[in-house]
Amino acid sequence: MKSALRSSGSLVLLSISLLAAGAFGQNNPVPQVVGPPHPQAVAPGGGDFPLKVYGANFVPGAVVNWNRQPRATTYVSGHEVDATILASDIVSNAAGYITVTNPPPGGGSSSASWSLVEVHDPSATIVPGEPTRNLLGGTEDHVLLIADFTNDGILDLATGSGTIRLELGSGDGTFNFVSNMTSSALSPFGDDSMAYGDFNGDGNVDLAYAAGWGTRNDSVFGMAVNFGDGNGTFVPGWQYRENSETSFIDGVVAGDLNRDGSLDLVAQGPPALAIFLGNGDGSFAESVTYPNDLGGETLLADFNGDGILDLLIQQQTPANTFLITVAFGNGDGTFKAPVTVATIGTICGLGPTMLVSDFNGDGNVDIAYCTETSIGVQLGKGDGTFRKPTYYSVSSSNYEFSFAAGDFNSDGNTDLLVSAFDQGFLEILLGNGDGTFQPRSQVKLPGPPRQGGEEGIGTGDFNSDGLLDFVFQLDATGYGVYLQQQ
C-alpha cells in the first residue's frame, strides 16, 4: 500500500510538472547524476530501503531508475531525488544501475551519466582476478568510456586510439569488439577527449569526441558526434572544425547547461574553453568561449546545491603551476568568473588528474586531485566552497600514477584506488565514510607483468556480482579488465 501511495504521489508530481512546463512554454532540462548515491552499497536479502540520488537538473516528477526500471521517487530539489528501492531488487548479489528520468516536455534520461549501488556483503579488502586484456595497435593515447551503449543494462566500453571501438559487455565481465564507433579518419587524442549522451533525442547513447583530420603534423582539429542506434552501430553526424592553426580541442564533457532539454558540450583546449549548445537534433552551435591558454581538464557537477551544473577546471599557469577553479553555472549556458579552489605545484602524469565524488556521504560534491606524490581531497560544503585539503601519499615518487574513486569493498564508503607505473601491485585507501581514508595498503595484481603504465582507471561492476571492478588504460597495449573475486 505504501508503494502504491508513493507511486500515486509521483504521478501527481508528474502532472504538476507537465502543467507548469506547458504553462510557461519551457522544456524540462536533461538530468545529470553526479557522484555515488547514498547508500552506495547494501547487503543482499534486506527489505525496501530509501536511496538518495544526487546530481543536477532534477525537476518535480523526476523518476529514479534501478536497472532501467522506474522506482517510486520523491523530488527533494534540483540537486537531489529520493527513491524507494524494493526488497525484490536486492535478493542476491547484484549491481543496481542508477539513472534518472525527467518528464516531458524536454527532460529525458540522464544518458550522459549514471551511478551504481552494489548489493554485496562488505569485504575486508579487494581481490582482483586474472586480467582480461585487449590489445590495440598504435602508439597514441588510448581513451576509455564506460556506459550502456546498447540499452541492455550491461556496461560496455568505448575505447581505442585513432578509431574508437565499441567493446560490447557480455554481462559476465568479458567484452567483445562489435563495431567501430568512428572512422579511421577521425582521430581522438587526450585522456578525456570523449563524452557520451543522447544528443539527438532518440533514446540511444551517442558519442562526442575531439577529432583530427589530416596527418599528425598537418592536421585540422575539431570535434565530431557519431549517432548510436542502440544496437552497436554508429554513424557520422555533426562535425566542428577549428580554423586556427594554433588551437585544438583535447577534452569534451556533456551536460544540459542551459536547461532546455538538450545536451550541450564543453570543449577545452588552448586557447579557449568553448560552450556548444545543443539544438536537440544532434547538432551544436558555439555560444561563448572563455580564455584557456594552456589547456587542462574540465568536469561538470553542482557544487553549490542550486541544481545547476557548474564547471570544475584544472589549468596550467604560465608559471608551470596548476590551478583548480570552479565556475558556477548561470543556468543559461554561461558561467560566472572562476573561483580558485586549489593551487598545485605538480600533477601526476598519467590519466585524468582530478575527479568528483562524495567521500563523506553528505550529498555535497567533493573533489580529489593528484600532486607529484599524493592525492589531495577537499570536502565540499554544499555552498560552492570547500574545506582545506587533506593529502594522502602514494608509493610513486615521480608522479607516474593514476587513480580512481569508488566503493571497492562494498561497505558503503568511497575508497581511492591507485596504480603506479609499471608495477605489479596497486594501492587502495579504504574510506572511513567521514571523508577520511585509512593508510594505503598494497594489493598484488595477478597475471603477467604489464607493459608500460596506465593512462587512467575506469570503474564499473562488469559482471553484476555486487563488487566494483576496474579497467586499466594501458599505454600502447590497449586495456586490461580486472574483475573482483567473491
Side-chain angles (χ1 to χ4, degrees), residues 111-112 114 131-199 204-213 216 219 221-239 249-254 282 351-352 402 450-452 454-460 462-463 469-483:
S111 59
W114 52 272
T132 300
R133 181 173 300 178
N134 193 319
L135 303 181
L136 300 174
T139 58
E140 300 285 342
D141 290 340
H142 294 295
V143 290
L144 173 71
L145 287 180
I146 300 172
D148 179 10
F149 289 99
T150 53
N151 301 322
D152 61 359
I154 299 173
L155 290 173
D156 309 307
L157 305 180
T159 185
S161 175
T163 297
I164 302 171
R165 302 153 47 100
L166 176 61
E167 302 279 346
L168 194 65
S170 63
D172 62 2
T174 61
F175 297 86
N176 299 291
F177 168 74
V178 294
S179 67
N180 287 328
M181 305 174 81
T182 64
S183 72
S184 59
L186 304 179
S187 179
F189 55 97
D191 298 325
D192 54 353
S193 61
M194 298 194 297
Y196 61 86
D198 180 8
F199 300 120
N204 300 316
V205 177
D206 311 310
L207 184 73
Y209 52 98
W213 294 266
R216 188 65 172 169
S219 296
F221 295 114
M223 187 166 50
V225 171
N226 280 32
F227 300 125
D229 67 355
N231 296 310
T233 300
F234 288 77
V235 297
W238 172 83
Q239 294 181 357
I249 293 170
D250 63 2
V252 183
V253 292
S402 53
R450 303 194 310 280
Q451 302 174 34
E454 294 78 50
E455 298 294 337
I457 304 175
T459 64
F462 303 121
N463 55 356
D469 310 309
F470 50 92
V471 182
F472 286 167
Q473 296 170 245
L474 301 176
D475 182 19
T477 59
Y479 61 87
V481 178
Y482 291 84
L483 301 181

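Only heavy atoms go into these numbers, but all of them, side chains included; no hydrogens, no water, no symmetry mates.
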Inset, instruction - Go through the steps to decide whether Met181 and Phe149 satisfy the test side chain to side chain contact (heavy atoms under 4.5 Å, CB included), and finish with yes or no. - result: CA-CA 11 Å; Met181 305 174 81; Phe149 289 99; 3.8 Å; yes

Could you give the distance from [atom1] ([X]) to [atom2] ([Y]), rounded to the nearest 0.5 Å?
X	Y	atom1	atom2	value
Leu166	Leu145	CG	CG	11.0 Å
Phe462	Leu157	CZ	CG	5.5 Å
Gln239	Asn226	CD	CG	8.0 Å
Glu167	Phe177	CD	CZ	7.0 Å
Asn204	Phe234	CG	CZ	8.5 Å
Ser111	Asp206	OG	CG	8.0 Å

Can you give me the closest heavy-atom contact between [X] and [Y], atom names plus distance?
X	Y	answer
Ala195	Val252	CB-O, 3.7 Å
Phe199	Leu207	CE1-C, 4.0 Å
Gly456	Ser402	CA-CB, 4.0 Å
Pro236	Phe227	O-CD1, 4.4 Å
Arg165	Asn180	CG-OD1, 3.7 Å

Considering only heavy atoms from C-beta outward, does the side chain of [X] approach that of [Y] to under 4.5 Å?
X	Y	result
Thr163	Thr182	yes
Tyr482	Pro131	yes
Leu168	Phe175	no

Inset, instruction - Give me the one residue out of Leu155, Ile154, Asp469, Val481 that meets side chain to side chain contact (heavy atoms under 4.5 Å, CB included) with Asn463. - result: Asp469

Inset, instruction - Using the side chain to side chain contact (heavy atoms under 4.5 Å, CB included) rule, take Ile146 and Trp114 through it: C-alpha gap first, then chi angles, then the decisive distance, then the call. - result: CA-CA 10 Å; Ile146 300 172; Trp114 52 272; 3.9 Å; yes

Inset, instruction - Please identify each residue that fulfils side chain to side chain contact (heavy atoms under 4.5 Å, CB included) with Asp148, with sequence neighbours left out. - result: Arg68, Tyr97, Thr150, Asp152, Asp156

Legend entry - Partners passing side chain to side chain contact (heavy atoms under 4.5 Å, CB included) against Thr174 (at least two apart in sequence or in another chain): Ser170, Asp172

